[in-house]
Every structure is written in C-alpha cells, then in structure tokens.
Amino acid sequence: MDLQISGKRALVSGSTKGIGFAIAYELAREGARVVINGRQPQAVAEAVERLRGLVAGAEVAGVAADLSNPAGIATLTAAVPQVDILVNNLGIFAPAPFADIPDSEWQRFFDTNVMSGVRLARHYLPGMTAADWGRIVFISSESAINTPGEMVHYGMTKSAQLAVSRGLAQSCAGTGVTVNAVLPGPTRSEGVGEFFAKLAAEQGIPLEEMERRFFAEGRPTSILKRMIDPAEVAALVAYVCSARAAATTGAALRVEGGIVSTIC
Ligand code: NAD
C-alpha cells in the first residue's frame, strides 16, 4: 500500500531510539522528510546518520532539544516552524511505589509525557489547519486504560493523552487534520529492554524467564504473550499518519497484543 506521504514534513519527538526511531524509519521509507529529536546533540546526530544509512536518499534532519520544558519546545519549533505530521512519541516511565512519588515527579511526568505533546500540537496545528491537511498522533499506552499500580503517575499521563487527543480531534471537525492516539503494549525498545535486563539481573534469572513471568503475572490477559517489536508499533503509526487514513480520527488505536480485554 502506498501511504501517499512522500514529501510530507514529519516530526517525531523522542526519536533517537526505541519506538520513536522505528516510526521515523517507517515514515522516511515512505518518502516523508523526517525530523528526529532527542536531548543530546551527539545522540541526535548519530540517529540521523543511522536513518540516512538505512533509507537511501532519505531527507532527515535532527534537532536536539529537551521537550519537557517550554524552552526546549521553543528551540525545536524555531528550527522546525511547520510540519504536516506530528508524532508525539516522547514519554518517560519509571516504576515507583505510590507513597514514594513526590509532587515534583508527578509534575515531571506530566510535563514530559503530556505537555510536550500539548505544546507541540498547539504550535503546529494552525499551519496544518491552514493547509487543510495534517496528522497528529499521540503515542499513549495500554497503561492509559489498565492503570499500572506500579507506576500510577505514568498511567495518569497516558490516560491524559487520550483525553487531549480526542478533544483535539473534535476541535478539528470538518478539516483535513486528523488526531489519533496509538496504544502500544510492552515493546522491546531500548528503554524497556534495559529495564527488563536490570530486573532479570537483580533477580538472578535469565531475561527470557523474566519476560515469561512478566506476562504470566503482570500482564496475564495478553493474547500475544511476548514483547512487541518497535517496528510492529511503527507500522500502525505510519498508516495513521498516511493520506490513506483520512477517515480515522478521534480514535484510540491499540497495538498492545490484546492485553486490554474490552472489545472496543
Ligand atoms: P525509550 O526510552 O526507548 O526512548 C525514548 C526516547 O525519548 C529517546 O530517544 C530519548 O532520547 C528521548 N527522550 C527522553 N527524554 C526526552 C526529553 N525530555 N526530550 C526529548 N527527548 C527525550 O522509549 P520507548 O520505550 O520507545 O517509548 C516511546 C513511547 O512509547 C513513550 O511515550 C512510551 O510511553 C510509549 N510506550 C512504550 C511502551 C514500551 O513498552 N516500550 C509501551 C507503551 C507505550
């Protein structure tokens, strides 16, 4: 299927690795002009080079900016004033007992996971509306619906993204701009891979056993029963970003291996 986004300008937040990089790769393969973002200039430059190596002839740029605060957003939007496709992928996670999460952590999670997307959408939406074409995608999580007890603050931000995404879609009624949320399940990104490896080492068990226990005890409703590959998430996101997906808006689209047991 030709996604018909050749030449479109796309920005993927938090995309030097993990799901974000996989999304940037899919969009670049479809001919979009992609902007990669991360905090460290070195990591951004390396990701840009890596993507250029993977997709011959790809138009790829990079902007180093910490999007958890307004100054970082201003740096990015000054360097990239307009885009046709905005993927709000940036998100942090960290398990912590509820009683141990201070106000500052709640605020940091909200700023990083929710406000980064709000601020970017607020900047880029007017240009999309004027062009009568645009795609905004929030990378949420199955944790938006199944709030994880081991990181309630993370779950809160993922639920909030669904509210922002749905409301923003409604505010674009009658235009060529679509807004959607995509809900991945446990995905073997660099961040999660390192986290699982650390847990396995702490418990003195092989990584495979750690993951088996995670699905047996932590996510028993998973139908897939395995970690998702970032490319499997990116394939859905690329479709949602495409011209072919014009009738999909205001949706919360799941690529979580069936963990969420409601039918719709
Ligand atoms: P990751 O930790 O592997 O990668 C995060 C990326 O964001 C990196 O490129 C990092 O450099 C960048 N980044 C971190 N803080 C930043 C900041 N303040 N400003 C700019 N860039 C920053 O993450 P991932 O696992 O690929 O997750 C990506 C998204 O998918 C997140 O929103 C996450 O909540 C969501 N998600 C992940 C999973 C999973 O299991 N991996 C499951 C569901 C949802």
Side-chain angles (χ1 to χ4, degrees), residues 12-15 18-20 23 37-39 66-70 72-73 86-123 125 136-171 179-187 189-192 194-196 198-199 214-215 217-222 227-228 230 233 236-237 240 250-262 264:
V12 185
S13 69
S15 50
I19 293 172
I23 294 168
N37 155 256
R39 283 160 300 177
D66 182 342
L67 303 184
S68 65
N69 60 70
I73 300 280
L86 167 63
V87 181
N88 288 312
N89 169 74
L90 169 59
I92 54 171
F93 70 96
F98 179 79
D100 295 348
I101 307 171
D103 285 4
S104 57
E105 274 298 271
W106 281 91
Q107 193 62 54
R108 187 171 76 92
F109 269 70
F110 192 74
D111 283 338
T112 308
N113 294 5
V114 182
M115 289 310 295
S116 61
V118 168
R119 289 173 177 138
L120 289 174
R122 191 169 55 204
H123 176 87
L125 183 59
I136 299 177
V137 181
F138 290 83
I139 306 302
S140 175
S141 168
E142 52 93 10
S143 295
I145 298 169
N146 291 343
T147 313
E150 72 276 13
M151 42 184 180
V152 180
H153 55 340
Y154 174 76
M156 173 276 294
T157 64
K158 295 288 138 182
S159 304
Q161 285 182 305
L162 298 191
V164 174
S165 176
R166 174 68 203 185
L168 194 52
Q170 287 171 197
S171 82
V179 186
N180 292 285
V182 167
L183 283 62
T187 304
S189 63
E190 279 86 340
V192 166
E194 285 161 19
F195 173 65
F196 269 70
K198 184 166 161 270
L199 281 185
F214 173 75
F215 283 102
E217 294 158 22
R219 298 293 186 277
T221 55
S222 170
M227 299 295 281
I228 296 164
V233 176
L236 176 60
V237 176
V240 176
L253 302 160
R254 289 153 37 177
V255 52
E256 38 79 18
I259 290 172
V260 178
S261 47
T262 51
C264 49

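Fair warning: this is a prediction, and the values are worked out from it, not measured in the lab.
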Determine all donor-acceptor pairs shorter than 3.5 Å in which one atom belongs to a side chain in residues 251-258; sequence neighbours excluded.
from, atom 1, to, atom 2, distance (Å)
R254, NE, E256, OE2, 3.0
R254, NH1, T262, O, 3.3
R254, NH2, V260, O, 3.1
R254, NH2, T262, O, 3.0
E256, OE1, G258, N, 3.1
E256, OE1, I259, N, 2.5
E256, OE1, V260, N, 3.1

Rounded to the nearest 0.5 Å, how far apart are OG of S140 and CG of L183? 4.0 Å
Is the count of non-hydrogen atoms from other residues, nucleotides or ligands lying under 6.0 Å from D103 atom CG greater than 12? no
Output all residues satisfying side chain to side chain contact (heavy atoms under 4.5 Å, CB included) with [X], sequence neighbours left out; order by chain, then residue number.
X    : value
S141 : S143, Y154, K158
E190 : K17, E194
M115 : F110, D111, V118, R119
S165 : F138, V179, A181

Qualifying salt bridge (Lys or Arg N to Asp or Glu O under 4.0 Å) pairs with a residue from residues 88-98, counting only residues at least two apart or across chains: none
Examine distances only and state if a side-chain atom of S171 and a backbone atom of A169 form a donor-acceptor pair shorter than 3.5 Å. no
The salt bridge (Lys or Arg N to Asp or Glu O under 4.0 Å) partners of R108 (sequence neighbours excluded) come to E105
Sorted by chain and residue number, the ring-ring contact (aromatic ring centres under 6.0 Å, His included) partners of F215 (sequence neighbours excluded) come out as none
How would you list, by chain and number, every residue that makes a side chain to side chain donor-acceptor pair (under 3.5 Å) with [X], sequence neighbours excluded?
X    : answer
T112 : none
N89  : none
T157 : N113

